[in-house]
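Here the structure is a predicted model, which is why all the values come from computation and not from measurement.
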Amino acid sequence: MEQTLYLVLLLIALCSVSECVQRQYHFINVLKTWTEAQRYCRENYTDLATVDNMNDMKELNKSVTDGSVEYIWIGLQKTSVNKWQWSSGDPADPVLYLNWRSGQPDGKDECAFMRNGEWHDGGCSDRLTFICSSSINMSTGLVFVNQMMNWRDAQSYCRQNHIDLVSVRNQNENQQIQKFINGRLISNDVWIGLFRDSWQWSDQRNSSFRNWKSGEPNNQGGNENCAVIIPKAQGQWNDIPCSNQYPFVCHEDKLILIKESRTWSEALRYCRQNHVDLVSVHSEEMQLEVMNVVKGASTAEVWLGLRHSCTVGLWFWVSGETLCYQKWAKDDSDQCESGVRSGAVQSGGDQRWISRPETDKLNFLCSRYE
């Protein structure tokens, strides 16, 4: 008993926060149009580069081995559909939470501000104070910036000095932000991180991360429908006609869904022979990536690299890492009476983890690189 308790405490001590690498970027120094670059990336990697956050942006910039080039294609292209999104990448879904004032948005403007706890759409060039999400203020996670800026400049300020313009994901957060505003006697309107645009990633990912250079996108000439990074401007973005020819960056997703029904042991063997391993999930960020990929599965659950030890009553990853982050659907993760148990993720619904007999035959997720 003491030995088991010691092992549990040791594993807890080993849990630490680690950076999650979702994809690898590959710089291709060959001149192609946006469509030609897209075709090349899809044939040789996963797709033209998608960027979810500033960490991705830094990794993409590091992949560029020739800083003298003027422009480099990424996988962002304008569509005919405008939708509201959060600057941080959180989903802006009416089913989840939106708090527009009656009659808002009126469809005229592209950026959102808060007034008396309700949201309004405003012109992105308007100059307002704003609220950043931040790790500095431990009590609220919020920082009020008492400077008048347009929405894009406010976004850049928050990203450079804090995390991002604030997201509001539920009623409780909206009330906390309004209380935060009232406590500072802020009477004027304040920018939040909600914006609307018609840009879409080539791989159809819902990422709302944008890193436009100041004044962009401006659609000069009326046909600038594709996005490039500008190496000489710290990788900020510009909109450009898709028919121009530039080098480009492809991305390769870490995860690959195998739509074959195999037992857990067969899935493990396949991943290790053809890729790296059955996938390990160590963070909410990686779980979101898993959730996105398994939507295309042909089985209701998809194997993960999770294994249960009845001897010590613990789950562990086959890659050797400790199970620190967890996303179980229900408390059945310690059952031992039905033989060897392995872990899977639901491909639909809440997409949480479940315990299944290892002899079940499911689709599975492999990792492509360490």
(request) May I ask you to say whether Arg356 pairs ionically with Glu301, meaning some side-chain N is under 4.0 Å from a carboxylate O? (result) yes
(request) Supply the atom-to-atom distance Ser208 OG to Leu194 CG, rounded to the nearest 0.5 angstrom. (result) 9.0 Å
(request) Using distance alone, with no hydrogens and no angle criterion, decide if Tyr45 and Asp47 have a side-chain donor and acceptor under 3.5 Å apart. (result) no
(message) Any donor-acceptor pair under 3.5 Å linking the side-chain atoms of Ser202 with those of Arg42?
(response) yes
(request) Verify whether the ring centers belonging to Trp237 and Trp199 lie closer than 6.0 Å. (result) no
(request) Please tell me if the side chains of Ser87 and Arg210 come closer than 4.5 Å, counting only heavy atoms from C-beta onward. (result) no
(request) May I ask you to check whether Ser298 and Asn363 show a side-chain donor-acceptor distance below 3.5 Å? (result) yes
(request) Classify the side-chain pair Trp353/Gln287 by whether it contains a donor and acceptor separated by less than 3.5 Å. (result) yes
(message) Strictly below 4.0 Å, N to O, side chains only: are Glu224 and Lys78 in salt-bridge contact?
(response) no
(request) Check whether any side-chain heavy atom of Phe209 lies under 4.5 Å from a side-chain heavy atom of Met54, and answer yes or no. (result) yes
(request) Might you confirm whether atom CD of Gln171 has over 12 heavy atoms from other residues, nucleotides or ligands at distances under 6.0 Å? (result) no
(message) Is the ring pair Tyr270/Phe364 parallel, tilted or perpendicular, if the boundaries are 30 and 60 degrees?
(response) perpendicular
(request) Scan side-chain atoms only and decide if Arg159 and Ser88 contain a donor-acceptor pair under the 3.5 Å cut-off. (result) no
(request) Assess the side chains of Gln178 and Asn174: does a donor N or O sit below 3.5 Å from an acceptor N or O? (result) no
(request) Mark yes when over 12 heavy atoms from residues, nucleotides or ligands other than Gln245 sit less than 6.0 Å from its CD; otherwise mark no. (result) yes
(request) Scan side-chain atoms only and decide if Ser280 and Ser319 contain a donor-acceptor pair under the 3.5 Å cut-off. (result) yes
(request) Answer yes if the side chains of Gln155 and Asp164 hold a donor-acceptor pair under 3.5 Å, and no otherwise. (result) no
(request) Kindly determine whether Arg368 and Thr46 satisfy side chain to side chain donor-acceptor pair (under 3.5 Å), including the steps that lead there. (result) CA-CA 11 Å; Arg368 283 174 158 152; Thr46 299; 3.2 Å; yes
(request) Compute whether any side-chain donor of one residue and acceptor of the other, for His251 and Asp253, lie under 3.5 angstrom apart. (result) yes
(message) Applying a strict under-4.5 Å side-chain criterion to I, L, V, M, F, W and Y, I'd like to know whether Ile74 and Ile28 cluster together.
(response) no
(request) Answer whether the closest heavy-atom distance between the side chains of Val302 and Leu257 falls below 4.5 Å. (result) yes
(message) Counting C-beta onward and ignoring hydrogens, is there a side-chain heavy-atom pair between Arg341 and Arg307 closer than 4.5 Å?
(response) no
(request) State the NE2-OG distance between His308 and Ser355, to the nearest 0.5 angstrom. (result) 7.5 Å
(request) Answer with yes or no whether the hydrophobic clustering places Trp201 together with Ile72; edges join I, L, V, M, F, W, Y residues whose side-chain heavy atoms lie under 4.5 Å apart. (result) yes
(message) For Lys32, is the NZ atom crowded, meaning more than 12 foreign heavy atoms sit under 6.0 Å from it?
(response) yes
(request) Taking all heavy atoms of Cys124 and all of Asn150, pick out the closest pair and write down the distance. (result) O-CB, 3.2 Å
(request) Answer with yes or no whether the hydrophobic clustering places Ile192 together with Trp100; edges join I, L, V, M, F, W, Y residues whose side-chain heavy atoms lie under 4.5 Å apart. (result) yes
(message) Please determine whether ring pair (Phe, Tyr, Trp, His ring centres under 6.0 Å) holds for the pair His282 and Tyr325, giving the CA-CA distance in whole Å, both sets of side-chain angles, and the decisive distance to 0.1 Å.
(response) CA-CA 5 Å; His282 302 299; Tyr325 171 83; 9.0 Å; no
(message) I want to know whether Phe144 and Phe180 have ring centres closer than 6.0 Å.
(response) no
(request) Locate the shortest heavy-atom distance separating Ser243 from Thr33; write the atom from each residue and the value. (result) O-CG2, 3.4 Å
(message) Hydrophobic clusters here meaning ILVMFWY residues chained together by side-chain heavy-atom distances under 4.5 Å, can you tell me if Tyr246 and Val51 are in one?
(response) no
(request) Give a yes or no on whether a salt bridge exists between Arg23 and Asp56, defined as a side-chain N under 4.0 angstrom from a carboxylate O. (result) yes
(message) Is the distance between the ring centroids of Phe113 and Phe130 under 6.0 Å?
(response) no
(request) Decide ring pair (Phe, Tyr, Trp, His ring centres under 6.0 Å) for Trp86 and Trp119; before the verdict, give the C-alpha distance in whole Å, the side-chain angles of both, and the deciding distance to 0.1 Å. (result) CA-CA 13 Å; Trp86 290 107; Trp119 307 351; 5.5 Å; yes
(request) Answer yes if the ring centres of Phe195 and Trp84 are under 6.0 angstrom apart, and no otherwise. (result) no
(request) Taking all non-hydrogen atoms of both residues into account, name the closest pair between Leu278 and Cys271 and its distance. (result) N-CB, 3.6 Å
(message) Apply ring pair (Phe, Tyr, Trp, His ring centres under 6.0 Å) to residues Trp315 and Trp328 and explain how you reach the verdict.
(response) CA-CA 11 Å; Trp315 285 86; Trp328 293 106; 4.8 Å; yes
(message) Could you measure the distance from the CG atom of Leu76 to the CD1 atom of Ile229? Nearest 0.5 Å is fine.
(response) 12.5 Å
(message) Could you see if Ile258 belongs to whatever hydrophobic cluster contains Leu255? Use Ile, Leu, Val, Met, Phe, Trp, Tyr and a side-chain cutoff under 4.5 Å.
(response) no
(message) With ring pair (Phe, Tyr, Trp, His ring centres under 6.0 Å) as the criterion, how do Tyr40 and Phe248 come out once you've worked through the C-alpha distance, each side chain's angles and the decisive distance to 0.1 Å?
(response) CA-CA 10 Å; Tyr40 179 96; Phe248 51 98; 5.4 Å; yes
(request) Using a strict 4.0 Å threshold on nitrogen-to-oxygen distance, state whether Lys62 and Glu59 make a salt bridge. (result) yes
